[in-house]
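Side-chain atoms are counted along with the backbone in the values below, which use heavy atoms only and exclude waters and symmetry mates. Just so you know, residue 1 is the first one in the sequence shown, and it goes up from there.
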Amino acid sequence: MSRKCIFTGKGPMVGNNVSHANNKTKKRSLPNLRRVRIKLEDGTSVRVRVAASTLRTMRKKS
């Protein structure tokens with residue numbers, strides 16, 4: 001299962017750790033994914049991985 005939000009497509013981002021001596025090493029920041037149950041129109045529920053920021057937006061609109 002990939003580390004990606006199914007609604008927004010947010011995935012891992014890549015950047016650099018920069019030291020005081022300006023040495024750069026790669027770092028990877030992962031999205032804040034949550035596993036939630038979503039009810040479908042036919043009454044069944046599905047577990048999906050959703051970013052926390054997307055969850056806040058979904059709760060605001062409902």
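Distance check: Lys26 NZ to Asn16 CG gives 5.0 Å after rounding to the nearest 0.5 Å. To the nearest 0.5 Å, atom CZ of residue Arg34 and atom CZ of residue Arg49 are 11.0 Å apart.
Note on Leu55 and Ile6: same hydrophobic cluster, where clusters join Ile, Leu, Val, Met, Phe, Trp and Tyr whose side-chain heavy atoms are under 4.5 Å apart, directly or indirectly.
Scanning both residues, Pro12 and Pro31, for their nearest heavy atoms gives N-CD, 3.8 Å. Closest approach of Cys5 to Val50, counting heavy atoms only: SG-CA, 4.0 Å.
Applying the side-chain contact (heavy atoms from CB on, under 4.5 Å) criterion to Val46, with sequence neighbours excluded, gives Leu40, Val48.
Using a 3.5 Å distance cut-off with no hydrogens or angles, the side chains of Lys10 and Thr54 do not pair a donor with an acceptor.
Between Val36 and Met58, the closest side-chain pair of non-hydrogen atoms is not below 4.5 Å.
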